[in-house]
Trainee: 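Mind having a look at this structure? Questions to follow.
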Amino acid sequence: NMKEKFIEICERLDWTVHEYKDGTVDLCKESPAGEDFSFGVSADDFVQQVKGYAAYFDVDEHVELWVDGRGKNGIPSSIRELVEDAEAIDKMLQELAAALAEGEENA
C-alpha cells in the first residue's frame with residue numbers, strides 16, 4: 001500500500017502522522033528547542049503537498065510567530081535560539097520532503 005509506505009517514511013524520521021476522516025493529514029515533530037511543530041496537508045496529494053510546504057516554509061515568518069512570546073510558556077528567550085530552531089525545522093522539512101520524493105520514485 002502506497003500510503004502506508006509514506007507513513008512509514010514519516011515515522012522513520014520521527015514525524016507523527018494523524019489522519020482524519022475529511023482527508024487531511026497532520027504531521028507533527030518536536031523541534032530541537034521543544035516546539036511541537038505541526039502542519040496539515042491533504043491525503044490525496046500527500047507527497048506534493050509536503051514538498052510544497054517544505055519549499056515555502058519561511059524561517060523569518062516562523063520566528064515572528066514566537067518572538068512576542070519569548071521567555072514564556074517554554075518559548076526560548078533568545079532570538080538566536082528561535083532562529084536556529086526555525087532553521088532546524090526547515091531542515092527537518094527538507095529531509096522529509098526528500099525522503100518522500102525518493103519513496104515516490106522507488107514505488
Side-chain angles (χ1 to χ4, degrees):
N1 177 326
M2 190 73 179
K3 199 163 74 172
E4 279 171 19
K5 179 183 183 177
F6 291 137
I7 290 172
E8 247 169 59
I9 290 169
C10 294
E11 288 176 344
R12 192 173 67 223
L13 294 171
D14 295 323
W15 289 87
T16 306
V17 182
H18 297 285
E19 283 186 85
Y20 300 100
K21 286 188 174 68
D22 66 359
T24 58
V25 180
D26 277 349
L27 293 166
C28 315
K29 184 175 180 176
E30 193 174 311
S31 73
E35 179 190 338
D36 285 327
F37 177 77
S38 68
F39 68 102
V41 292
S42 159
D44 290 340
D45 200 13
F46 184 72
V47 175
Q48 283 311 317
Q49 289 205 9
V50 171
K51 282 157 72 174
Y53 188 87
Y56 292 105
F57 179 79
D58 186 316
V59 167
D60 292 330
E61 233 170 71
H62 193 76
V63 171
E64 278 170 21
L65 292 175
W66 299 106
V67 85
D68 287 344
R70 66 184 209 270
K72 298 184 276 266
N73 303 323
I75 300 167
S77 53
S78 152
I79 289 180
R80 181 187 299 263
E81 193 178 342
L82 286 172
V83 170
E84 285 171 357
D85 201 51
E87 287 170 342
I89 291 170
D90 189 38
K91 208 170 161 185
M92 286 167 13
L93 288 165
Q94 302 308 326
E95 178 187 49
L96 178 64
L100 288 170
E102 199 177 300
E104 204 173 34
E105 280 166 26
N106 301 328

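A quick note: this is a predicted structure, and the numbers were derived from the prediction, not measured.
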Trainee: Within a reach of under 6.0 Å around CG of N106, are more than 12 heavy atoms found that belong to other residues, nucleotides or ligands?
Mentor: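 Above 12, so yes.
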Trainee: Using modelled atom types and a 3.5 Å cut-off, is there a donor and acceptor pairing between side-chain atoms of K5 and backbone atoms of G103?
Mentor: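 Flag set: sc K5 to bb G103 pair under 3.5 Å.
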Trainee: With heavy-atom distances below 4.5 Å as the criterion, would you say the side chains of F6 and V50 are in contact?
Mentor: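 Sidechains of V50 and F6: no contact.
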Trainee: Using 0.5 Å steps for rounding, measure from the OG atom of S42 to the OH atom of Y20.
Mentor: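 S42 atom OG to Y20 atom OH measures 14.0 Å (nearest 0.5 Å).
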Trainee: CD of E102: more than 12 outside heavy atoms within 6.0 angstrom?
Mentor: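 No - once you tally the heavy atoms of other residues, nucleotides and ligands closer than 6.0 Å, there are 12 at most.
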Trainee: Kindly compute the distance separating CD (E81) from CH2 (W66), expressed to the nearest 0.5 Å.
Mentor: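 Separation between the atoms: 13.0 Å.
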Trainee: Can you give me the closest heavy-atom contact between Q94 and A54, atom names plus distance?
Mentor: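 Heavy atoms of Q94 and A54 come nearest at NE2-O, 3.0 Å.
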Trainee: Once you round to the nearest 0.5 Å, how far does CG of L96 lie from CG of L100?
Mentor: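 It is 4.5 Å, given to the nearest 0.5 Å.
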Trainee: With a 3.5 Å cut-off and no angle check, do the side chains of D85 and S31 form a donor-acceptor pair?
Mentor: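 Yes, S31 and D85 have a side-chain donor paired with an acceptor closer than 3.5 Å.
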Trainee: Just verifying a value: how many Å separate E35 CD and I89 CD1, rounded to the nearest 0.5 Å?
Mentor: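 Here the interatomic distance stands at 4.0 Å.
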Trainee: How far apart are the closest heavy atoms of A101 and V47, and which atoms are they?
Mentor: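 Here A101 and V47 meet closest at N-CG1, 4.3 Å.
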Trainee: I need the minimum non-hydrogen distance between E61 and D58, along with the two atoms involved.
Mentor: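 Looking at all heavy atoms of both residues, the shortest contact is N-OD1, 2.9 Å.
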Trainee: Can any side-chain N or O of K29 pair as donor or acceptor with the backbone N or O of L13 at less than 3.5 Å?
Mentor: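 Yes; at least one donor-acceptor contact below 3.5 Å.
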Trainee: For a side-chain contact (heavy atoms from CB on, under 4.5 Å) check, start with the C-alpha distance between T24 and V41, then their side-chain angles and the critical distance, and finish with the verdict.
Mentor: CA-CA 6 Å; T24 58; V41 292; over 6 Å; no
Trainee: About how many Å separate CD of E30 and CE of M92, when rounded to the nearest 0.5 Å?
Mentor: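 Result: 9.0 Å between the selected atoms.
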Trainee: Within this structure, what is the CD-CD distance for the pair E11 and E4, rounded to the nearest 0.5 Å?
Mentor: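 Output value for this atom pair is 10.5 Å.
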Trainee: Specify the closest pair of heavy atoms between P76 and R70, including all atoms of both residues, with the distance to one decimal.
Mentor: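 Between these two residues, the closest heavy atoms are O-CB, 3.1 Å.
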Trainee: Spell out, as yes or no, whether a donor-acceptor pair under 3.5 Å connects the side chain of N73 to the backbone of I75.
Mentor: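 Checking the backbone N and O of I75 against the side chain of N73, no donor-acceptor pair under 3.5 Å is found.
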Trainee: Here's a test for you: under ring-ring contact (aromatic ring centres under 6.0 Å, His included), which of F57, Y56, Y53 qualifies with F39?
Mentor: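 Among F57, Y56, Y53, the one meeting ring-ring contact (aromatic ring centres under 6.0 Å, His included) with F39 is Y53.
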Trainee: What I'd like to find out is whether the side chain of V25 reaches to under 4.5 Å of the side chain of Q49, using heavy atoms alone.
Mentor: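 V25 vs Q49: side chains apart.
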Trainee: Check step by step if side-chain contact (heavy atoms from CB on, under 4.5 Å) holds for V83 and R80.
Mentor: CA-CA 5 Å; V83 170; R80 181 187 299 263; 5.7 Å; no
Trainee: Could you give me the CA-CA distance, side-chain angles and deciding distance for L27 and F46, then say whether side-chain contact (heavy atoms from CB on, under 4.5 Å) is met?
Mentor: CA-CA 11 Å; L27 293 166; F46 184 72; 3.9 Å; yes
